[in-house]
Structures are given as structure tokens and as C-alpha cells.
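Heads up, the thing below is written out as C-alpha cells.
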Amino acid sequence: MDWLTTVDHKKIGILYLMAGGLFFLVGGLEAVMIRIQLIKPMNDFVGADTFNELITMHGTTMIFLAAMPLLFALMNAVIPLQIGARDVAFPFLNSLGFWTFFFGGVLLNISWFAGNVPDAGWTSYVPLAGPTYSSGHGVDYYVLGLQIAGIGTLLGGINFMATIINMRAPGMSFMRMPMFTWTIFITSALIVFAFPVLTVGLVALMFDRLFQANFFETANGGSSVLWEHVFWVFGHPEVYILILPAFGIISEVVSTFARKRLFGYSSMVFATVLIAFLGFMVWAHHMFTTGLGPVANGLFSIATMLIAVPTGVKIFNWLFTLWGGSIRFTAASLFAIGFIPTFVMGGVTGVMLAVAPADYQYHDSYFVVAHFHYVIVGGLVFGIFSGLHYWWPKMFGRMLNEGLGKLTFWTFFIGFHLTFFVQHFLGLLGMPRRVWTYLPNQDFDTMNLVSTIGAFLMGVGTICFLINVVVTSAKARNAKADAWEDGRSLEWTIPSPPPEYNFKQLPLVRGYDAWWKEKMEGKSAMTPAEPPGPIHMPSPSILPFIMSVGLFIAGFGFMYDKLYLAIGGIAVTLICMFFRSVFDDHGFHIEEDEQEKGVHA
């Protein structure tokens, strides 16, 4: 019951971690099945229809249900601690955000058991995803599942923007915030602007499918290219929503394990803002072959190449941070260091794809698959692994096993490059994306075999990480407050794991790398910014869970034309909103004597 009703950001972070981890395994299993099917020419491991379902669900699950929640797990676990806050701005909304995401993800994956799986690709292009060509309920699961899960993401974005603007510790100006906090702040702004666009697109597609509207039905005067615009106006900022937090993690990890201040901090901040700004101006580089014309193609081509500039600034700053540092090679720092060349490769192929005439050749080939996996797996997933190894002692009070951590890194890193490096050449040789099999003797055979072996090796790396988690959970909670002894920011000033109220007294921040600054002056704790006193805490609530169940039920009602289910589900949600509005809940206080005893810790 404690976990169902919690509004504590640290517990919600753990919930996000467990749910995201579960969906990551599901998406990974789908990926392995895709690679088994492509291990040799004319293979019949799965049929063509099942293959389409696998690639659709793999992409959708990995981006919306695995990558996003794993980032939200780290955001929840770390951001309030890094800015010296006791919780997020809206703890109730934080809980509601998690449960809506979770039930949206469950709704999407129930499609496997219902026998109606989305099969129009993770981008769900119309007219393929429209009622004419996808007449079953498969795409309905996609549309409704992502709408419900999207509510959770949007709530999280609003919440973290409000938290970072309003709840920083005394003395923490914007230019004293840790780099991870900065990237999450910019990411939250991107979420707030990008996710409503996806919602509008999904609502329009839902109206096409359920109520015979004509937004995208070309035969009735709709426009199928309109969906591409709407999807990518969301979809390209989404790439930066995923990668910017990874940039922040790398900045923290590289700086800690090089025992040096992050090189060019202010330029890193401005590069992050510029990447986010430009991220909204490049969506049509996914659409060079739709016939937008030379002017549009030229403008989007230039805008895309411009993004390489602030990204390059970041790459060089990480290298200069490492340069001359006394580097410790832990699992966390290995993932961070491995991230840098891998992400550069993804960036270089991105610039190649930005050249519109060349894109006509690369488009819809395996070259594109290789590119975005280098960015999203080589960037984002490496970043998440780095962050998990780095902050694990802070979240759970136990250090992950370094030997197993390094084994995770090497198997995953080698497996990743084996899988996706050869796919560039498969694409250049002409192997199209989304094909379920291929003829022999086209020079595809060996490279597909290598790619599949690499995918299994990545699977081994993931299993190593899971073993590490299980082995670690059996150990005593004995991690020190400053677990790596070189911590630079405020999260390393409080016990591991933190007490319920985080900070007994809010700290006074006197510069960037606040904790490092105090340590360099020989202090063993932060200077408090307030006298000790009772600490106000928010009350737990079951309402977010019930509201999300209501939306889950309503989703089924809409899908199967069961009006009573749709109305009933929405009514449950509205009644919960009514109770939340009418009954004031002032929370509770933890008195000083209870803080000392650690009653609530």
C-alpha cells in the first residue's frame, strides 16, 4: 500500500526505474526476435505480419515506455537532491504522472494478449495506420496507450520545470545549478512544448479511426503528409528530450571521476539551450523524400547541420574535462567515456543524412537504422547505464559490484558496435528497413549474422546488470553519504539513501559545485541556510492510482465501442479530481525529535 499511495519523489523514482526496466526487457526481447529472424536469408522464424508487429512494438516500447521512464527515474531520484529541495513542486502530480504512464504502457502491451497488435511501424504513418489499411484494433491500442502514457510525461515536464524554477536552495542561482539539473530543466521545457503536438496528432488519428473523420484519409480529402508533419514536429524534439538528460549525466560523471570542474560550464549551458531551440526547427529532415521542394529541403538541411555546432561544443568540453584529470575507471565512468566516441559517430551519420540529395539514397535503408541506434542506444542507453551505476548508492544505499559493472560495460559496448556498425554498410549496399526477410547472395548474409551475434551480446550485458542488481540487493546498506568520495553537488551531502525529508536544514550554496567548494575549504558538511525546525511533508494518496485505472478502463471503452466503460472510466477519474479539489489536505509535519531518531527516514 505504501508504494501505491506514495508521493515521495525518491520512491516514485524507484517505481519509474522498475517499470522502465520491465519495459526495457520487453523491448529488448522484441529486438532479439527481430535479429533472430534476420540472422540468415529467407528465414521463417516469425511470419511477415508478426515481424511488422515486433518492429512497431519494439520502437514504441523502447522510446516511450523504456527510455522516458528510466530518465524520469533518475530525474526523480536526483533533481530535488541536487537543487537542495525537500520534494518536487507538486508531489501529487508526480504520483499521477507515474501511474498514467504505467497504465498507458500496460494498455499498449495488452495488445499482444488481445491478438490485435499495432503493426504500422513505431511512427504509425497514415494511410497505413488509418482505418482503410489497419482495420483491426491494433493501432487503437497504440493511439490510446500513448495518449494515456503521454499525460504522465507532460505532467512530469510541468512538475520539474516548476520545481527547478521555484525550489532551489538559497544561493543556488541558475548559473550555479549542476549540469544534470540544467539539462532536465531544458528537457522539461521541450516536453511541455512537444508532447501536446503528439496528443493533437493522436486525437486526430483516433477520430479518423473511431468516428470516421477525414484528417488523414486522402480518398476523402484528408492529407497523409499532415500526419508526418505533426508526428515529426513532436518526434524530433523527442530525440533531444531523450539525449539531453544523457548529456547531463555524462557531464556529472566525467567531472566527478576526472576529479575536475566541468570544463566550459557556461558554454555547456548555452549549448544545451541552443540544441533545444534548434531541435524544433529541423523536423522536416525526416521528410526530404515527400516532395516538399528544394527551398524547404535546403532550409531544413542547413538547420540540421547547425545542431552539430553546439553538440560539438559539448563533446570538446567533455574531452577537455578529462584532459589532465586524475581519471578513475569505474563502471559509471567507462559508460561515460564510451558514450563520447559512440555518440560522435551517431552525430556524423546524422550530418550525412542532413544532406538532402544524399538522403534520397539513404532514406528508408538500414543506414538510417544504424544512425538512430547510435544516437539513442549509443547515446541515451549508455548515459542511463552510466547514471544508474553512478547514483545507485544514493538511491539504494548500496554500491553496485564494480567487477560486474565493468563486465556489463564491455559486453554491452562490444555487442552494440557489432550490432549497429555493420548496419551502416548494409544500408549503403541497399538493404531496406522494415523488411522481414531477404534473398541470399546480395552481400547481406554475413553482416546480418554479425549484427545478430552483437544483439545477443547486448542481451548478455543487460543480464549482467540484472545479476549485479540482485547480488547488490543482498548486501547491507552501507554506502557513505559521499559514496564516490569525489562528489561535487548537493546530493552527496546527505545520507545514502536519503531520509524522507532529504535535508534536515536547507543548505546554503556559495558557488558552482557547492559541495566540492565546501570540501576544499576543509568543511565536513554544508552550511545550513535555516535554523532546525519541524519539516512539512505531503500526505500519501491513493487517488492518482485510481484516476489512472479510470483512464485505463475508459481506453478499453473507446476502443471496443463500449460506451458504459468509456463513461464509467472517465467518471472514476473525474470523481477523484472532485475529491482532490474539495478536501483540503495540508500534509503533516516531522518534528525535530523525530528527525533525530530517524523515525520517518
Side-chain angles (χ1 to χ4, degrees), residues 15-16 18-39 43-70 98-125 128-131 133-153 202 205-206 209-210 433-437 452 455-456 458-459 462-463 466 548-549 551-562 565-566 569:
L15 286 171
Y16 267 117
M18 288 160 64
L22 177 71
F23 287 127
F24 186 81
L25 293 177
V26 171
L29 197 63
E30 287 157 355
V32 167
M33 291 173 79
I34 291 166
R35 287 310 326 164
I36 293 173
Q37 168 60 22
L38 294 171
I39 195 167
N43 198 0
D44 57 359
F45 174 69
V46 294
D49 292 341
T50 309
F51 187 82
N52 287 345
E53 294 165 359
L54 283 170
I55 58 167
T56 303
M57 290 298 285
H58 165 68
T60 310
T61 302
M62 282 305 202
I63 285 177
F64 295 103
L65 309 180
M68 293 291 293
L70 289 171
F98 169 74
W99 289 113
T100 46
F101 142 72
F102 179 71
F103 280 107
V106 169
L107 181 66
L108 183 59
N109 277 282
I110 279 179
S111 61
W112 284 113
F113 303 99
N116 280 305
V117 191
D119 59 355
W122 81 271
T123 52
S124 211
Y125 273 9
L128 193 58
Y133 296 100
S134 289
S135 54
H137 286 297
V139 178
D140 297 338
Y141 278 101
Y142 175 95
V143 168
L144 288 157
L146 287 191
Q147 281 187 81
I148 296 169
I151 295 169
T153 309
L202 289 170
L205 183 55
M206 181 172 84
R209 293 186 59 82
L210 301 182
R433 292 170 71 173
R434 307 188 180 101
V435 288
W436 74 290
T437 191
T452 301
F456 277 109
M458 284 165 80
T462 311
I463 291 165
L466 292 175
S548 307
V549 172
L551 289 173
F552 180 73
I553 294 166
F556 274 110
F558 280 121
M559 208 176 324
Y560 290 106
D561 291 332
K562 299 282 189 278
L565 274 182

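Just so it is clear, the model here is predicted, and its values are computed rather than measured.
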Intermediate values then yes/no, side chain to side chain contact (heavy atoms under 4.5 Å, CB included), Ile63 and Trp122
CA-CA 9 Å; Ile63 285 177; Trp122 81 271; 3.7 Å; yes

Verify, without hydrogens or angle tests, whether Glu30 (side chain) and Leu54 (backbone) share a donor-acceptor contact under 3.5 angstrom.
no

What distance do Ile34 atom CD1 and Thr50 atom OG1 have between them, rounded to the nearest 0.5 Å?
11.5 Å

Quick one: does Leu202's side chain get under 4.5 Å of Leu144's, heavy atoms only?
no

Could you tell me whether the side chain of Thr56 reaches within less than 4.5 Å of the side chain of Pro118, counting heavy atoms only?
yes

Taking the side chain as C-beta and beyond, is there a heavy-atom pair between Pro69 and Phe101 under 4.5 Å?
yes

Exercise: identify the closest heavy-atom pair between Asn43 and Ile39
ND2-CG2, 3.7 Å

Can you check whether Leu107 reaches Met559 side chain to side chain, under 4.5 Å on heavy atoms?
yes

In terms of the angle between their ring planes, are Phe103 and Phe552 parallel, tilted or perpendicular, with boundaries placed at 30° and 60°?
tilted

What orientation do Phe98 and Phe102 show, parallel under 30°, tilted 30 to 60°, or perpendicular over 60°?
parallel

What are the two closest heavy atoms between Leu108 and Leu65, and how far apart are they?
CD2-CD1, 3.8 Å

Heavy-atom donor-acceptor pair, Arg209 side chain to Val143 backbone, under 3.5 Å:
no

Which atom names give the shortest non-hydrogen contact between His58 and Ala31, and what distance separates them?
CE1-CB, 3.4 Å

State, yes or no, whether a side-chain contact exists between Val139 and Ser124 at a heavy-atom distance under 4.5 Å.
yes

Is any side-chain heavy atom of Val117 closer than 4.5 Å to one of Tyr141?
no

Which atom names give the shortest non-hydrogen contact between Val32 and Phe456, and what distance separates them?
CG1-CE2, 3.9 Å

A side-chain contact here means heavy atoms from C-beta on lying under 4.5 Å apart; do Met57 and Ser111 qualify?
yes

For side chain to side chain contact (heavy atoms under 4.5 Å, CB included), just list the numbers for Ile110 and Phe556, CA-CA rounded to whole Å, side-chain angles, deciding distance to a tenth of an Å, and then say yes or no.
CA-CA 11 Å; Ile110 279 179; Phe556 274 110; 3.9 Å; yes

What pair of heavy atoms forms the shortest contact from Arg35 to Ala455, and how long is it?
CG-CB, 3.6 Å

Nearest 0.5 Å, what's the CG-CE distance between Leu38 and Met33?
12.5 Å

Heavy atoms of Asn52 and Arg434 approach each other most closely as OD1-O, 4.4 Å

Thr123 side, atom OG1; Leu128 side, atom CG - distance, nearest 0.5 Å
9.0 Å

Atom pair OG1/CD1 of Thr100 and Ile148 - distance to nearest 0.5 Å:
9.0 Å

With the side chain counted from C-beta on, respond yes when Phe23 and Met62 share a heavy-atom pair under 4.5 Å apart, and no when they do not.
no

Backbone N/O of Asp119 and side chain of Glu53: donor-acceptor pair under 3.5 Å:
no

Interatomic spacing from CD1 in Ile36 to OG1 in Thr452 - rounded to 0.5 Å
8.0 Å

Which of Tyr560, Tyr142, Phe558 passes ring-ring contact (aromatic ring centres under 6.0 Å, His included) with His137? Answer is Tyr560

Leu466 and Leu25: CA distance, side-chain angles, deciding distance, side chain to side chain contact (heavy atoms under 4.5 Å, CB included) verdict:
CA-CA 10 Å; Leu466 292 175; Leu25 293 177; 3.9 Å; yes

Side chain to side chain contact (heavy atoms under 4.5 Å, CB included) between Thr462 and Phe24, worked out:
CA-CA 10 Å; Thr462 311; Phe24 186 81; 3.9 Å; yes

